[in-house]
Amino acid sequence: MQTMIQTETVKQKKRKKQKRWGIHLFPIPALFIYGLFIVYPLVAAITYSFYDWKGIQKQAFVGLENYKNLFTLEPFSGMFWNAFGHNVLYFVVQMVVQNGLAFFLAFIIFQKIRGAELLKMAYFLPRLLSVIVVGFLWKLILNPNFGALNVILSKLGLESWKKAWLGDPDTALMTIILVNCWFGLGFAILIFLAGFQSIPKELIEAARLDGAKGLTMLRRIMMPLMMPSIMIMTVLTFIQSFEAFELVYAMQGSQGEPYRSTDTLAVYFYRLAFGGATGDSTAIGLGSALAVVLFLFICVFTALFLNYMKKKEVEM
Amino acid sequence: MKQSIWMKSFYYIVAFLFASISLYPIILMIVSSFKPTIEIFTNPLSLPKSFHFQTYEKLLDQVPFMTYFYNSVFVSVVSVLLILITTSLAAFYIARYTYWWNNILFFVFLMGMMIPIKLGIVPLFILMKGLGLTNSLWSLILMYTAQGIPLSILILTGFFRTMPMELEEAARMDGASDLRILWNVVLPLMRPALGTVMIINFIQSWNDFFFPLIFITNEMKKTIPVGMLSLFGEYSADWGALFAGLTLSSLPMLILFFIASKQFMEGLTAGAVK
Amino acid sequence: MNKMGKAWLFGVFAFILMFATACSSEKETSKKSNASKEDEKADAVTLTIGSWRTEDTAKYEKVIEAFNKKHPDIKVEFKPSKNTEYNTILNTALQSGEGPDIIHLRPYAPGIALADAGYLEPLDGLTGLDAFPETALQASKGSDGKQYGVPLNMSTTQIFYNKKIFKEHNLKEPKTWDEFIKLNETLKSKNIIPIALGAKEGWLLSAAHGIIGPAHYGGNEFVEKITKGETNFESTEFVNSIKAMDQLKKYFPDNYEGLGMEDIRTLFATGQAAMFPMGSWEIEVVRSLNPDIEIGFFPMPSAIGKEPTITAWVDGSFALNAKSKHKEEAKLFLEFLATKEFAELFTNEFKMISAMPGVKAKDELVTSLGEAVEKMSTPYMMVVYFAGGNPTSKTTLENELQGMYLGKQTPEGVAKSVQENAETWFKPFQ
């Protein structure tokens, strides 16, 4: 009798297992497309970084020479750190201005103010434009002589504020980053708003009964529960600001003009890998090495950050 | 919630101030596109004296805009569908089964978000050529699908993990196959997350210009951003044409957004944080 | 409710898709019927031309038409890409063994690099090549001494001026550097921007230096010495040429640091600025902005008692892709580009100076530029000899000049950086 039951369950288990074989097919389509069009070309291109290149022609295998040159040979190392600094600034400003502002605006909308739907739409609208369009549009607006911004400033009597926004190295990079914030604000608001809305109503009610309000409520009750959305935005902003390319390219071209003041790592990579606009010489080996370094940097930092956040979450 | 009137009006002022900053450049773009260039230079901020449609006629005469539009729609819709199918299968597997390699698989997919894919453009080009896909919209569809997979898997996996197992268990008891469980039981509950994936990827593939630049040389296969890009070069001094070109490039997306803004918003907020 | 909403969204997508399909299928079919007509013309060979001159598309149609009168069985398509992305697209295609049959080649170092890498087919012995002078052929001669391109046009850079403004204020073309400076002062005192130049795009600066520099370093003699390694960029002559660039900034428009090509062109075309240090390729663009403008030019008067100069170089050649499947047909087209017939067509349609000597243009300005080139030209040194290295010496000069105008670099510092860069690759300096 007992043996019979046993064989029964074994059989059942076996059948279950057999049936579950099909499940392994589930990730195959995604893995196939992803592997073929993302992983394979990347791996193929990584090998470029171990070769010497003359123009667009592969030469001898040189091992880690390109990596060494990237960090020790002038002007390449200078350009690397210059661009790296700009990426750091890109990240910091986006975190403070775009995400900070978005958090606050999401908080306001969460207060159920009138017109919330329309407001959300307005904030999100820029995100629908192509980055190329955003770049061109703002280039026109920021034009020092005919652009709308300087015209508005002089109408407001702020003549002295007028500037060649994109031509002055002191303002060019900041201007681009702020345009990026303009572009990304709406998306960040929606993410934070989702975070606010996922806070259980009972919790807020209970806290209010305990007399918490305003900022106390925000800091004590909401903040910990907002951590997941803050985390997501931080990671996305980090990746995005260290790969900042399209907007800078659309507004300033591939030389990081003026005077390398808007150079970022991805623009620098593009310049090395594809040459400048008028057919400047390329340095594919060096460019590939740069891309690999950039990739590893982003990977490691993201992993560290996620790990740290996970630990914190457990502690809380 | 009781708040002082001051606080409340402060909130309103801030909210509307930033809303107008978000909107104004876009309004300026559309308004300026109806002015002749000379008027933009002399009167950049005013409303147009009269609506000047000639610039649009000139542009539409010069480029096959409807063809670009169709190409963009086809590419974006098909890649979004492919992303939805492939990633919901993969994310279901990653989130619902506990094989030891699942975490590795997840991580491998996530790394895709950090890959500077422009680096691989030469191998990609050779690959597309080998597949006979240069100058074909399918080269773009496959690229956008591949590019959209990492973030979509992240979103969907997160969402799957928050969903209770009971329903699935019950269905499994009844002897339903995994595919049937996914299709009949799980996916209907996943609508918000699927909406998020759909919208994010739709915007992404609609607006990309780098891949068509490299893969497509046939005028009749270009998408809107890359097709319009050559106009921007040609009319670099004609601001009226530039504004009209920019408006024209953005219009389809803006219209879609106004028709379905509620879905956009809900879609994006619902699945984003789980 | 939610379910309804989503279904609705899908509906919108589907509607748009259907709408778009309907619209485009019309076009597609009409295109197809065209294509089938083409097919009937016996298996016509189709050649493609890659170029960065998107603005010349209509003009190339005329060139192709003229070519088809002789060779009706060869179909030619002109497929330009935006100039800023042309190299990315071309390089990617060439590396993958693809690319257009006929390649519009950048002059000197960048183009020669493609030849040296084996992507181009040598053209020695092509009928008509001997009509070009050696200086023109040099722009696309490989390091192996073979000829890889049919030179297309000469570009010149010089100071253009608005004839009407000069007449109104009774101003004359300057014959000496001092007169040039005085001219600037007069214009400035009359509230006219003397020189339309901006520093936002680096290449504008190296182009301007190509015009103004020779007045101080002394033109061809200096070029000869520096290319032999007998002098260098830190010499007084060259440093003076940078100092002159610095001196002129007070005659530039307000906010010149932030002005790009479009802005300065607009300033000149609308008559807000009197002079425009720019290349011959801009003549037609300025005229299209303002058809009434009367443009004149003057050669750069020397500051050190030499002859005035006009800066000229070959700006583009056409080459043959080594991987082309229709080399014979492509050669026929290239031979056509080397005929006098084409040179005349080119000069008159494109309003540019043909690389072939002795071709008369209908346009007065182009003709007098062409004559000036034959009498007093000096090469655009940074393009012809110093477009090598990584970053190139030319880019370095551009970048450092930007730095100078932004107050972050001295003229001596500019010269030093360029010299240091050139030493990394320029053989005579090593």
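We name chains A, B, ... by the order of the sequence lines, and we start the count at 1 in each one.
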Going by atom type alone, with no hydrogens or angles, which donor-acceptor pairs under 3.5 Å involve a side-chain atom of residues 121-129 of chain A and a protein atom two or more places apart or on another chain?
residue: A/Tyr123; atom: OH; partner: B/Ala15; partner atom: O; Å: 2.6

Which atom of B/Leu45 lies closest to which atom of A/Ala148, heavy atoms considered: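 For B/Leu45 and A/Ala148, the tightest heavy-atom pair comes out as CD2-CB, 3.9 Å.
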Among the options [options], pick out the one with the most heavy-atom pairs lying under 4.5 Å from chain B.
{"options": "A/Trp182, A/Phe183, A/Phe104", "answer": "A/Trp182"}
{"options": "A/Ile132, A/Leu42, A/Ile239", "answer": "A/Ile132"}
{"options": "A/Ile109, A/Leu101, A/Val134", "answer": "A/Leu101"}
{"options": "A/Val235, A/Val39, A/Leu236, A/Leu105", "answer": "A/Leu105"}
{"options": "A/Ala30, A/Ala116, A/Ala303, A/Pro29", "answer": "A/Ala30"}
{"options": "A/Tyr270, A/Phe187, A/Phe26", "answer": "A/Phe26"}

Proximity breakdown for [X] and chain A, heavy-atom pairs closer than 4.5 Å:
{"X": "B/Leu131", "result": "side chain"}
{"X": "B/Gln147", "result": "both"}
{"X": "B/Leu28", "result": "side chain"}
{"X": "B/Ile85", "result": "neither"}
{"X": "B/Leu82", "result": "neither"}
{"X": "B/Ile224", "result": "neither"}

Begin from the C-alpha positions of B/Tyr97 and A/His24 and carry the test side-chain hydrogen bond (donor to acceptor under 3.5 Å, both in side chains) through to its verdict. CA-CA 10 Å; B/Tyr97 297 86; A/His24 294 296; over 6 Å; no
Please evaluate residues B/Phe10 and B/Trp6 with respect to the criterion ring-ring contact (aromatic ring centres under 6.0 Å, His included), reporting the C-alpha separation (whole Å), side-chain torsions for both, the decisive distance (0.1 Å), and the verdict. CA-CA 6 Å; B/Phe10 171 69; B/Trp6 293 113; over 10 Å; no
Under 4.0 Å between a side-chain nitrogen and a carboxylate oxygen: does that hold for B/Arg96 and B/Asp178?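 Result for this pair is no, no salt bridge flagged.
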Would you check if the side chain of [X] reaches a backbone N or O of [Y] as a donor-acceptor pair within less than 3.5 Å?
{"X": "A/Asn87", "Y": "A/Glu243", "value": "no"}
{"X": "B/Ser32", "Y": "B/Met29", "value": "no"}
{"X": "A/Ser154", "Y": "A/Asn150", "value": "yes"}

Value rounded to 0.5 Å, distance of CE in B/Met113 from SG in A/Cys299: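 That separation rounds to 10.5 Å.
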Going by the side chain to side chain donor-acceptor pair (under 3.5 Å) test, which pairs reach into residues 134-147 of chain A, not counting sequence neighbours?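 Passing the test, one end in residues 134-147 of chain A: A/Asn143-C/Asp263.
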Is the charged tip of B/Lys118 near the ring of B/Phe210: under 6.0 Å from the six-membered ring centre and within 45° of its axis?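 Verdict for B/Phe210: a cation-pi partner in B/Lys118.
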Where does the angle between the aromatic ring planes of B/Phe215 and B/Phe211 fall among parallel (under 30°), tilted (30 to 60°) and perpendicular (over 60°)?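 Parallel, since the angle between the ring planes stays under 30°.
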What class does the angle between the rings of A/Phe269 and A/Phe274 fall in, given that below 30° is parallel, 30 to 60° is tilted and above 60° is perpendicular?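 Perpendicular, since the angle between the ring planes exceeds 60°.
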Between A/Pro27 and B/Leu105, is there a side-chain heavy-atom distance shorter than 4.5 Å?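 Heavy-atom side-chain distance check passes, below 4.5 Å.
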Let me see the working for B/Tyr99 and B/Tyr93 under side chain to side chain contact (heavy atoms under 4.5 Å, CB included), right down to the final yes or no. CA-CA 10 Å; B/Tyr99 301 104; B/Tyr93 179 79; 3.6 Å; yes
Residues 31-38 of chain A: residues contacting chain B (heavy atom under 4.5 Å, by number):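 Hits under 4.5 Å: A/Leu31, A/Ile33, A/Tyr34, A/Leu36, A/Phe37, A/Ile38.
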What are the residues of residues 287-296 of chain A, in order of number, with any heavy atom under 4.5 angstrom from a heavy atom of chain B?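 The stretch touches chain B at A/Ser288, A/Ala291, A/Phe295.
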